[in-house]
*Asks:* 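What follows is a structure written as structure tokens; I'll ask about it next.
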Amino acid sequence: MAWARPAPGVPEGLRRPFLLLLVWFSALCLFPRPAEALVEGLYCGKLVCYDVLGVSRDASKAEVARAYRQLALRYHPDRQREPDPDGKGAEAAQEKFLLIATAYETLKDEETRKDYDYMLDHPEEYYSHYYHYYSRRLAPKVDVRIVILVTVCAISVFQFFSWWSSYNEAINYLATMPKYRIQAMEIARQQGLLNRAKEKGKNRRSKEEIRKEEEEIIKDVIKNKIDIKGGYQKPQIYDILLFQILLTPFYLCKYIGWCCWWIYCFNIKGQEYGEEEKLYIIRKYMKMSQSQFDTLEDHQKETFLERQLWIRENYELYKQEQEEELKKKMASDPRWKRYRRWMRNEGPGRLTFIDD
């Protein structure tokens, strides 16, 4: 057997194991593993589940259930009262009962029964049977759709309350700023909310209670009079993830209709842009989201319209001007000058003891 001769570099002591391994591998390739439908560890092991329950392969689910009930009553461990000093009688009854339960679990489910019948008819697909058996046993018992729905609901609840927290933080911050606080107090006085006469007798309140009530009045005025936009705007129920998913078909149809309207009005008919359309084009040029663009002041938007930034050439010129102005500010900024001087003299990779 010249083909079985080991390599010249193999030591003498390892030649015999090498030959045995080579012969075993050749036998495995030439004589494959015999096909067996009943495999230990799968379903009922070496026994046929139909024979365990005493039913035929054509038996209905009702017949399978009836056979299981009869055998379960007969072989249930609690019904085995035979005295046995070794305890093997109870042990055998328990094993028999577990085998009956396994056979019933296999045959009562249509999908599992279909896999089991396929295994009996195709014993040569050994590894495929293992895969189907353990994939069903290890599959999650809970419906994936329920898990996704619960997850989306939990994220939506957390999202809504976090937005409310951010909104309240913004209101509390604006109530401390003199600019908005003075205006809110003036509006509250005009509406008669802060001009109440001082109570006397039993209805008299402390200064702390009056101060807290005034703070709440000021915050209410700010909530009603100031339109907070951006990440701190007042949360809406339809902005959370759950409603966004539910309204996705509506938004998609609305966007397609808007695109068709835009193409028909401005590309086909050649109509002039309105103010909203001009601001939309400017926002797209600036690569800003709607919430970011809404946070800009009104005079900034008026400046965009006056300079006709919806025209591409005008926007490019405006962008260059902004970049040049930013460079001039950075050049005149003393902190930027110190940074450039430090980069030129010291560099980022040196250890110095300079305070700056």
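The figures here come from the full heavy-atom set of this structure, side chains too, leaving out hydrogens, waters and symmetry mates. Keep in mind the model is a prediction, meaning the values are calculated, not measured.
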*Asks:* To the nearest 0.5 Å, how far apart are CD1 in Ile187 and CD1 in Ile218?
*Replies:*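 So the CD1 of Ile187 and the CD1 of Ile218 are separated by 11.0 Å.
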*Asks:* Which heavy atom of Val64 sits nearest a heavy atom of Ala59, and at what distance?
*Replies:*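 Scanning both residues, the minimum pair turns out to be CG2-CB, 4.3 Å.
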*Asks:* Linking I/L/V/M/F/W/Y whenever their side-chain heavy atoms sit closer than 4.5 Å, directly or via other members, would Ile245 and Ile148 fall into one cluster?
*Replies:*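 Yes; tracing contacts between hydrophobic side chains, which count when under 4.5 Å, links both residues.
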*Asks:* Applying side-chain contact (heavy atoms from CB on, under 4.5 Å), run through Glu215 and Arg181 and close with a yes or a no.
*Replies:* CA-CA 10 Å; Glu215 287 294 329; Arg181 187 179 182 85; 2.5 Å; yes
*Asks:* When the ring centroid of Trp164 is compared with that of Tyr167, is the distance short of 6.0 Å?
*Replies:*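 Between Tyr167 and Trp164, which both carry aromatic rings, the centre distance is below 6.0 Å.
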*Asks:* Are Leu174 and Met177 close enough that some pair of their side-chain heavy atoms sits under 4.5 Å apart?
*Replies:*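 They are in contact (side-chain heavy atoms under 4.5 Å apart), so the answer is yes.
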*Asks:* So which heavy atom on Leu242 is nearest to which on Ser156, and how close?
*Replies:*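 For Leu242 and Ser156, the tightest heavy-atom pair comes out as N-OG, 3.0 Å.
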*Asks:* Check whether more than 12 heavy atoms from other residues, nucleotides or ligands sit under 6.0 Å from atom OH of Tyr173, and answer yes or no.
*Replies:*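 Open.
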*Asks:* First locate atom OH of Tyr118, then atom CG of Asp115, and finally report the distance between them rounded to the nearest 0.5 Å.
*Replies:*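 So the OH of Tyr118 and the CG of Asp115 are separated by 10.0 Å.
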*Asks:* Working to the nearest 0.5 angstrom, can you tell me the gap between Thr248 OG1 and Leu252 CG?
*Replies:*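 Answer rounded to 0.5 Å: 8.5 Å.
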*Asks:* Could you measure the distance from the CD atom of Gln244 to the CD atom of Gln159? Nearest 0.5 Å is fine.
*Replies:*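 One finds 8.0 Å between CD of Gln244 and CD of Gln159.
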*Asks:* Could you pull out all residues at least two apart from Leu99 that satisfy side-chain contact (heavy atoms from CB on, under 4.5 Å)?
*Replies:*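 Here the qualifying residues are Cys44, Leu47, Val52.
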*Asks:* Any chance the rings of Tyr116 and Tyr43 have centres within less than 6.0 Å?
*Replies:*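 Yes; Tyr43 has its ring centre under 6.0 Å from that of Tyr116.
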*Asks:* Name all pairs fulfilling the side-chain hydrogen bond (donor to acceptor under 3.5 Å, both in side chains) condition that reach into residues 47-67, sequence neighbours left out, sorted by first residue then second.
*Replies:*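 Output for this query lists Tyr50-Arg113, Tyr50-Asp117, Arg57-Asp121.
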*Asks:* Between OG1 of Thr102 and CG of Leu42, what distance do you get to the nearest 0.5 Å?
*Replies:*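 Going from OG1 on Thr102 over to CG on Leu42, the span is 12.0 Å.
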*Asks:* What is the minimum heavy-atom distance between Glu208 and Arg211, and which atoms define it?
*Replies:*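 Looking at all heavy atoms of both residues, the closest pair is OE2-NH2, 2.6 Å.
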*Asks:* Measure the spacing between CG of Asn168 and CH2 of Trp163 and express it to the nearest 0.5 Å.
*Replies:*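 Output value for this atom pair is 14.5 Å.
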*Asks:* Give every donor-acceptor pair under 3.5 Å between a side-chain atom in residues 269-288 and any protein atom, sequence neighbours left out.
*Replies:*
from: Glu277; atom 1: OE1; to: Gly274; atom 2: N; distance (Å): 3.0
from: Arg283; atom 1: NE; to: Gln290; atom 2: OE1; distance (Å): 3.2
from: Arg283; atom 1: NH1; to: Met288; atom 2: O; distance (Å): 3.2
from: Arg283; atom 1: NH2; to: Gln290; atom 2: OE1; distance (Å): 3.4

*Asks:* Taking all atoms of both residues into account, what is the closest heavy-atom pair of Phe97 and Ala72, and its distance?
*Replies:*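 Closest approach of Phe97 to Ala72: CE1-CB, 3.8 Å.
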*Asks:* What about Leu309 and Phe266, same hydrophobic cluster or not, with Ile/Leu/Val/Met/Phe/Trp/Tyr joined at side-chain heavy-atom distances under 4.5 Å?
*Replies:*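 They do share one cluster, since a chain of ILVMFWY contacts under 4.5 Å joins Leu309 to Phe266.
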*Asks:* Under a 4.5 Å cut-off applied to non-hydrogen side-chain atoms, are Phe304 and Leu296 in contact?
*Replies:*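 SC-SC contact between Phe304 and Leu296 confirmed.
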*Asks:* Is there any salt bridge (charged side-chain N to carboxylate O under 4.0 Å, His left out) pair reaching into residues 302-322, and which pairs are they, with sequence neighbours excluded?
*Replies:*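 Listed once each, the pairs are Arg307-Glu321, Arg312-Glu316.
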*Asks:* Determine whether more than 12 heavy atoms belonging to other residues, nucleotides or ligands lie under 6.0 Å from atom CD of Glu323.
*Replies:*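 Yes - once you tally the heavy atoms of other residues, nucleotides and ligands closer than 6.0 Å, there are more than 12.
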*Asks:* Check whether Phe161 and Val152 end up in the same hydrophobic cluster, where Ile, Leu, Val, Met, Phe, Trp and Tyr are linked by side-chain heavy atoms less than 4.5 Å apart.
*Replies:*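 Result: no, two separate clusters.
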*Asks:* What's the shortest heavy-atom distance between Ile100 and Tyr75, and which atoms?
*Replies:*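 The answer is CD1-CD1, 3.7 Å.
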*Asks:* For a quick test of your reading: what N or O donor-acceptor pairs under 3.5 Å do the side chains of residues 254-261 make, sequence neighbours left out?
*Replies:*
none

*Asks:* Would you check if Glu110 and Lys114 make a side-chain contact, meaning some heavy-atom pair closer than 4.5 Å?
*Replies:*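 The answer is no; the side chains never approach within 4.5 Å.
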*Asks:* Looking at side-chain heavy atoms only, is the closest gap between Trp310 and Gln308 below 4.5 Å?
*Replies:*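 Answer yes - side chains close enough.
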*Asks:* Just to verify, what does Lys108 make a side-chain contact (heavy atoms from CB on, under 4.5 Å) with, not counting sequence neighbours?
*Replies:*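 Here the qualifying residues are Tyr104, Glu105.
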*Asks:* Could you walk me through whether Val157 and Phe160 pass the side-chain contact (heavy atoms from CB on, under 4.5 Å) check?
*Replies:* CA-CA 5 Å; Val157 171; Phe160 185 74; 5.9 Å; no
